[in-house]
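Beneath this line is the structure, given in structure tokens, with notes to follow.
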Amino acid sequence: MGSEGVVLPAAFFDRPADRVARHLLGKQLVARTASGVVRLPVTEVEAYLGSHDLACHGSRGMTKRNATMFGPAGSWYVYLCYGMHWMLNIVTGKPGVPAAVLLRGAGHLTGPGRLTKGLGIDRTLDGAEAVPASGVWFEDAGVRVPPRQIARTPRIGIGYAGEWVEKPLRFVRESASP
DNA sequence: GCAGTGATCATA
DNA sequence: ATGATCACTGCC
């Protein structure tokens with residue numbers, strides 16, 4: 001479902017990635033697809049905090065692949081993983097700081113690879129801003145997710161990251177309990 | 001439980 | 001130029 005909401009401005013993303021991640025839960029991920037505009041509530045995200053975060057691509061310096069992570073808040077960072085899955089991230093914080101939030105689930109789409117596949121997202125979005133003109137953006141439909149519905153766990157698939165493996169930087173929205 | 005898949009990056 | 005790696009998924 002999903003009626004129209006207020007487009008999230010770039011300023012929303014100009015904060016530490018873990019705060020952005022927490023506040024993205026319940027917002028609408030909106031994409032213009034071949035079959036029309038799709039609005040899906042964000043259900044699962046992960047924060048990548050910057051160059052000191054050993055799980056963060058930016059922690060080993062800027063490369064051609066991760067350059068957009070060092071850009072301004074509110075732009076998309078999209079890269080290919082395992083040769084077949086596109087990962088969708090929204091850049092956070094100040095330019096020069098490599099931080100972002102990975103979108104792992106929204107609406108019925110679970111898993112970061114299925115999410116991009118379902119929305120038809122690939123690297124052509126990399127570096128674009130999260131505004132309607134780019135085809136993919138966020139809206140606030142006025143939904144507030146209470147803290148008791150939010151679970152925090154370690155991030156998935158980052159076993160190489162030393163002491164950062166265990167940091168609870170994955171945020172999942174759980175269904176309301178009785 | 002593990003193979004598929006190919007761009008990317010460090011090493012040379 | 002070459003090889004290891006990889007913020008995953010689907011089928012065994």
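Just so it is clear: chains get the letters A, B, ... in the order the sequence lines come, proteins before strands, and each one is counted from 1.
- When the P atom of C:dA7 is taken as reference, atom NZ of A:K167 falls 19 Å away, rounded to whole Å.
- Separation of the P atoms belonging to C:dA4 and B:dA3 is 16 Å when rounded to the nearest angstrom.
- The CZ-C1' distance, from A:R114 to C:dG10, rounds to 8 Å in whole Å.
- Remark: A:R123 CZ to A:W86 CH2 distance equals 5.5 Å, nearest 0.5 Å.
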request  = Dot-bracket notation for DNA chain B is requested: 5' to 3', Watson-Crick or G-U wobble pairs only, both distances under 3.5 Å, with ( ), [ ], | and . as defined.
outcome  = ||||.||||||.
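- A close approach under 4.0 Å does occur between a side-chain nitrogen or oxygen of A:Y160 and OP1 or OP2 of C:dA7.
- DNA chain B is contacted by A:T63, A:K64 of residues 50-64 of chain A, taking any non-hydrogen atom closer than 4.0 Å.
- Distance check, rounded to the nearest 0.5 Å: CG of A:L103 to OG1 of A:T116 gives 10.5 Å.
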inquiry  = Run the ring-ring contact (aromatic ring centres under 6.0 Å, His included) test on A:W137 and A:F12 for me, step by step, so that the C-alpha distance in whole Å, both residues' side-chain angles and the decisive distance to 0.1 Å come before the verdict.
reply    = CA-CA 12 Å; A:W137 66 99; A:F12 180 93; over 10 Å; no
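- Residue contacts shown for A:I156 are limited to sugar-phosphate atoms, with no base heavy atom under 4.0 Å away.
- Residue A:M87 is classed as a sugar-phosphate contact, given heavy-atom separations below 4.0 Å to backbone atoms only.
- Both tests pass for A:R65 against the ring of A:Y79: distance under 6.0 Å to the centre and angle within 45° of the axis.
- In this structure, CZ of A:R155 is placed 11 Å from P of C:dA7, rounded to the nearest angstrom.
- With rounding to whole Å, A:D18 atom CG is found 17 Å from C:dA7 atom C1'.
- Residues A:L125 and A:L88 form a side-chain contact, since some pair of their non-hydrogen atoms from C-beta on lies under 4.5 Å apart.
- Taking atom CG of residue A:L80 and atom P of nucleotide C:dT9, one finds them 12 Å apart after rounding to whole Å.
- Under the stacking definition used here (centres under 5.5 Å, planes under 30°), the residue A:Y48 qualifies as stacked on the base of C:dA7.
- Here C:dC8 presents its P atom at 13 Å from CG of A:L115, a figure rounded to the nearest Å.
- For the residue pair A:R173 / A:Q149, a side-chain donor-acceptor distance below 3.5 Å is found, with atom types taken as modelled.
- Residues A:M62 and A:N66 form a side-chain contact, since some pair of their non-hydrogen atoms from C-beta on lies under 4.5 Å apart.
- Figure legend: A:R19 and A:F13 shown without cation-pi pairing, the cationic atom not lying both under 6.0 angstrom from the six-membered ring centre and within 45 degrees of its axis.
- Minimum atom distance to the side chain of A:Y82 is reached by C:dC6, of the listed C:dC6, C:dT9, C:dA7.
- Contacts between residues 65-73 of chain A and DNA chain B, counted as heavy-atom distances below 4.0 Å, involve A:R65.
- Note that CZ of A:R22 and CG of A:D18 are 11.5 Å apart. Values are rounded to the nearest 0.5 Å.
- Separating the CD atom of A:E44 from the C1' atom of C:dC8 is a distance of 12 Å, rounded to the nearest angstrom.
- Checking the phosphate oxygens (OP1, OP2) of C:dA7, no side-chain nitrogen or oxygen of A:R170 falls inside 4.0 Å.
- Closest contact between the side chain of A:M84 and the listed nucleotides C:dT9, B:dG4, C:dA7 involves B:dG4.
- What separates NE2 of A:H85 from P of B:dA3 is a distance of 16 Å, to the nearest Å.
- Between A:R39 atom CZ and A:E4 atom CD the span is 5.0 Å, to the nearest 0.5 Å.
- We find the CG-OG1 distance between A:L40 and A:T43 to be 9.0 Å, quoted to the nearest 0.5 Å.
- One finds the NE2 atom of A:H57 at 14.5 Å from the OG atom of A:S51 (value rounded to the nearest 0.5 Å).
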